[in-house]
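Only one structure is covered here, and it is reproduced in the block below.
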Amino acid sequence: MPQNETVQDLQLDEYKYGFVDEEQHVFRTQPGLSEEVVRQISANKDEPAWMLDFRLKALEVYESKPMPTWGGDLSTLQETLDEIYFYVRPQDKMERSWDDVPANIKETFEKLGIPEAEQKVLAGVGAQYESEMVYHSLKQEWEDKGVIFDSIEDGLKNHPELFRKYFGTVIPTADNKFSAMNSAVWSGGSFVYIPPGVELETPLQAYFRVNQERMGQFERTLIIAGEGSRAHYIEGCTAPVYSTESFHSGVIEIVVEKGAHFRYTTIQNWSNNMYNLVTQRALVHEGATMEWLDGNLGSKLTMKYPSCYLIGEGAHGNILSIAYAGDGQHQDTGGKIIHAAPNTTSSIVSKSISKGTGRSSYRGLLQVHDGARNAKSNVECDALLIDENAKTDTYPYIEIDEKTAHIGHEATVSKVGDEQLFYLMSRGMSEEEAMALIVRGFIEPIAKLLPLEYAVELNRLIELEMEGSVG
Amino acid sequence: MSASTETTIALNEGVTEALSREAATARSAGEPEWMRERRVHAFDVYARTPMPTRRLEEWRYTDLGEKLDLASLSLGTRSEVADDPSAWPAGVRATMEEDWDAAAHVVLIDGTVVHVDLDEALAGKGVVVTSLRDAVNDEETWEDAKQYLATQAVKPERGKFAALNCALYLDGVYVYVPRGVHVDLPVRVTRWISTSAAAHFDRALILAGETSKVTYIDEVLSDDLDTHTFASNAIEVIAKDGASVQFVQMQRLGRNVFAHSQQRTLAHRDATANTLNVALGATTSRVDLNAQMLGPGSSSEMLGLYFGDGDQHFDHNTSQDHVSPHAFSDLLYKGALDGDAKAVFRGIIRVHPKAQQSDAYQTNRNLLLSETASADTLPNLEIAADDVKCSHGATVGQLDEESLFYLMSRGIPQEKAERLVVMGFLGEILLKVSLGGVIEKITREIERKLAHV
Amino acid sequence: MSDWIRVAALDDVPPGTLHGVKVERTAIVLANVDGDVYALRDRCSHADFPLHDGVLMGETLECVHHGAKFDVCSGKATGLPAIRPVQSYEVEVRDDDVFIRLG
């Protein structure tokens, strides 16, 4: 660590991805959400009739559901929603080569390091700009093995049976207000199919960029990991800093078939004017493993609780959630694990830092159903507070209907420890320097991640983190 | 019509012929005007507060629609039982015979105080133990009663049922300990419920003056009743600067009773307000306990123990509010569930801004003894100060196989070994209290329940 | 075996609809599938909300609160987020009245 580094020098509060591109689009809907907007989105995508019906029904469900009163402050969200663009089409078609992507968009992703990372460490890359995937590419060797990695729109178009079999089954429209909204206006996101037995050695990455001011992004991702397959999917998100508020609401559905192993990593670094309300859920079959690595650094308010439904015997679920809430930010994150079959195991580890007026909340559900014999789960939450105005909350819900379950939950809240500080200061560091060192240690897994081409390295670090805490 | 008047909505949920504004007015017959106003105000709060549903976080796991039927209940009326043990139900005599060590006794039957005695020396020092009705009317006590009764601790604004209790309580217990006086032996209160198909309301106000000390043991019990019955109770503890209060509630009500106890302790500077809640009886048992660390240096140890069998449902809803810096609170609730029994624990530690150097802990542990028992536990934290030590933990599991195996390897039969392990698990709570007769009663009741395992 | 209890008139639950009733404080939802009446515990196994708020499509009841689906004939969960079944009860229609047995 360089001498005289302070917490500020860690640049957690300095947003490097806030640059703005010239605004360009080929189509956008009127601000706000209406039936007309939903019909326009569907028409723009040239969808089958059943999808338009699905969207219109979802709009009704969305309108019938009240705004949540728990979690973060959504009291002024409606005003934001009335002003944002729900659909902005940046170009006419999706490209398979960066050379064909319009220069301004391509430049953006170059600044974010995506093409470079693709070359070096990724099996495939999808890039979404505003409402549409502008680029999607999968290395030939994986395509040859039958892997599908495509935009969700192409998934619907090219694999209609597979698509319809799973779409909306893991997260039904009515699951919550924002899954209903997404179901009405979804656009972009990935369709992923890993055939049985195929093991991807390097990750797939999807990158989400919002450039337009007052923009709403609603990606929808459907992933099917076939029996005995193995894969890792990474998503990253950034946006320019505007004085107005933006909105992002994704729905991620994952089916992990028997014996498969799937990992989903999120590095969310939205600008601090973004509402980020996301529903992510995996259905985990017999002997399969699902891992959510959820890093939330950006946004104004994030509400996001990745979940694992362990429905097959011996299924395993892991959630590692790391949150950083700086001034004015609220990270309301956590995870849900449902043990619905015997011998299922799970672990949730949550680490958060609140600084300035930031607030981090852990919200989790751990459920063991009657008959899920010998289910084992452990939940650990650590919260670090760096200012007297910072806040942290822990809301674990633990519901156990099975005698043979073995369940533990522990949480601690601490400020940066006096003893640690004292020790470091006795070694000649200033208080600020010592503080920085301690915080760096706490957030190491994520701080290392930026810029994005280090995603894989981050992942290795997180893995190390998990090793110590699982089992 | 102005906007401000429009906000008052008359809902009248849970208002019945028996539980009505007229009943609240009738209850204040013979009471001073301020008390009548307080009851009527409380009833109005009750009537306009919606009936809690599962959509409310605090009632998420207890469905009042299925567990409580206010419309089927009459309002409990004054018991005419004489101040004479031979006239009391056998259950009251039996439990009182097992008590030893008491500074005072109070006996309530269906919410009516039928007996009070107090050590003369303590009375000489200014200690007051009396019925709440008398406290409200007596010139020596009414000013304190007026200041504290349902105004600071369990006031109507705390919620629908706090309001209902204030409006309709029949009687209760008033304890006052003057500054500096130590009441070394416990005040023992025995509350008996005998009339079924009724709603019974009583309450207690415990006022501990500066640096005083008092222990209050509240035992509530009944036989198994033939029909649905509601027993509502409110406990207000005010520990002034440097005072020390220990409150113990032992709930051994019979089946068909919905027992609801709403408790709040206010600990001022350097004061201690400790509680122990033991829930063994009733079909549904709900305890709302809020501990307020109001002054610097205040502390609260909060213990709980429950054992459920059959279709019993226990719901403990606790909160620890650290309002001032340098305060301490430590909660430990442990329970075992057999049969189809269900336990809910929802606890929250709130460290308010500027409550630096708070130490706050919270632990809930559950033992499931049968295939159909269940436990939901929600240990929450809300921390808005950085210089704190806070932690919480929760566990749900079955009997410790290793301990069982060890005991059985020493020749103890499995059944007995299981009972020993359960007693060992719950015993951690009992080791922390030593109050004449309390442990013995609890232990025997648990053993009786375990005999059916 | 418990007794048959009259819980509703057949007219209260026309074909294709749901109807909530209470029996001894237990909430029950009746579902009429083309003239055959089924009874389930009126409480979604996912988050305990009343099922009678939902919609009936053929033999499938969809909970309006979070989109869970159930087979009304058996109580079996057929769509996430529900996994557990809800309790089902025996039903008899005698003349114009619906009877159930809590069992």
Side-chain angles (χ1 to χ4, degrees), chain A residues 54 57-58 60-66 68 70 165-180 182-183 251 253-255 279-285 305 307-312 315 336-342 344 365 367-372 375 397 399-402, chain C residues 15-20 25-33 38-90 102-103:
Chain A
F54 177 91
K57 190 183 161 222
E60 268 178 46
V61 174
Y62 166 73
E63 283 168 351
S64 72
K65 283 186 179 285
W70 52 274
K165 182 177 170 194
Y166 292 104
F167 184 83
T169 62
V170 182
I171 302 173
T173 296
D175 192 83
N176 63 76
K177 187 168 180 75
F178 298 104
S179 66
N182 178 287
S183 298
V251 165
E253 299 181 280
I254 303 180
V255 178
T279 310
Q280 300 180 325
R281 182 176 301 157
L283 191 60
V284 191
H285 289 275
Y305 323 97
S307 49
C308 296
Y309 279 58
L310 308 176
I311 61 161
K336 301 182 190 178
I337 305 256
I338 315 297
H339 289 262
T344 45
L365 170 68
Q367 209 173 54
V368 179
H369 292 183
D370 191 11
Y397 292 75
E399 305 176 359
I400 311 302
D401 288 338
E402 168 57 44
Chain C
T17 67
L18 300 168
H19 180 62
R25 293 209 301 278
T26 300
I28 309 274
V29 57
L30 302 174
N32 186 331
V33 181
Y38 299 92
L40 300 177
R41 182 88 193 270
D42 193 8
R43 185 188 260 197
C44 182
S45 66
H46 162 246
D48 294 329
F49 285 110
L51 288 170
H52 74 258
D53 297 339
V55 284
L56 185 63
M57 294 165 297
E59 294 176 352
T60 299
L61 189 167
E62 185 179 331
C63 177
V64 74
H65 299 282
H66 303 95
K69 288 177 184 163
F70 299 92
D71 173 8
V72 291
C73 311
S74 64
K76 203 169 170 272
T78 56
L80 289 181
I83 299 173
R84 291 174 281 198
V86 293
Q87 194 178 342
S88 69
Y89 302 96
E90 277 184 88
L102 287 179

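Convention: sequence-line order gives letters A, B, ...; per-chain numbering from 1.
For T344(A) against G312(A), the heavy-atom pair with the smallest separation is CG2-O, 3.4 Å. Of all heavy-atom pairs between V368(A) and A375(A), the closest is CG1-CB, 3.8 Å.
Here H369(A) contributes atom NE2 and E399(A) contributes atom CD; the two are 8.0 Å apart, rounded to the nearest 0.5 Å. Here the NZ atom belonging to K177(A) is positioned 8.0 Å from the CD atom belonging to E63(A), to the nearest 0.5 angstrom.
Residues F178(A) and P68(A) meet the side-chain proximity criterion, which asks for heavy atoms closer than 4.5 Å. By the 4.5 Å heavy-atom criterion applied to side chains, H285(A) and V255(A) are counted as neighbours. Looking at S183(A) and V251(A), their side chains never come closer than 4.5 Å, going by heavy atoms from C-beta outward. Using a 4.5 Å heavy-atom threshold, the side chains of Y309(A) and R281(A) count as touching.
If you check the side chains of T279(A) and N176(A), you find a donor sitting under 3.5 Å from an acceptor.
Residue I171(A): no heavy atom, backbone or side chain, is found under 4.5 Å from chain C. Within the 4.5 angstrom heavy-atom criterion, no atom of T173(A) approaches chain C.
Checked options I338(A), L283(A), I337(A); the residue passing with L310(A) is I337(A) (criterion: side chain to side chain contact (heavy atoms under 4.5 Å, CB included)).
Among the residues in residues 38-63 of chain C, those with a non-hydrogen atom closer than 4.5 angstrom to a non-hydrogen atom of chain A are H46(C), E62(C). Annotation: residues 66-74 of chain C contacts chain A through H66(C), G67(C) [non-hydrogen atoms, separation under 4.5 Å].
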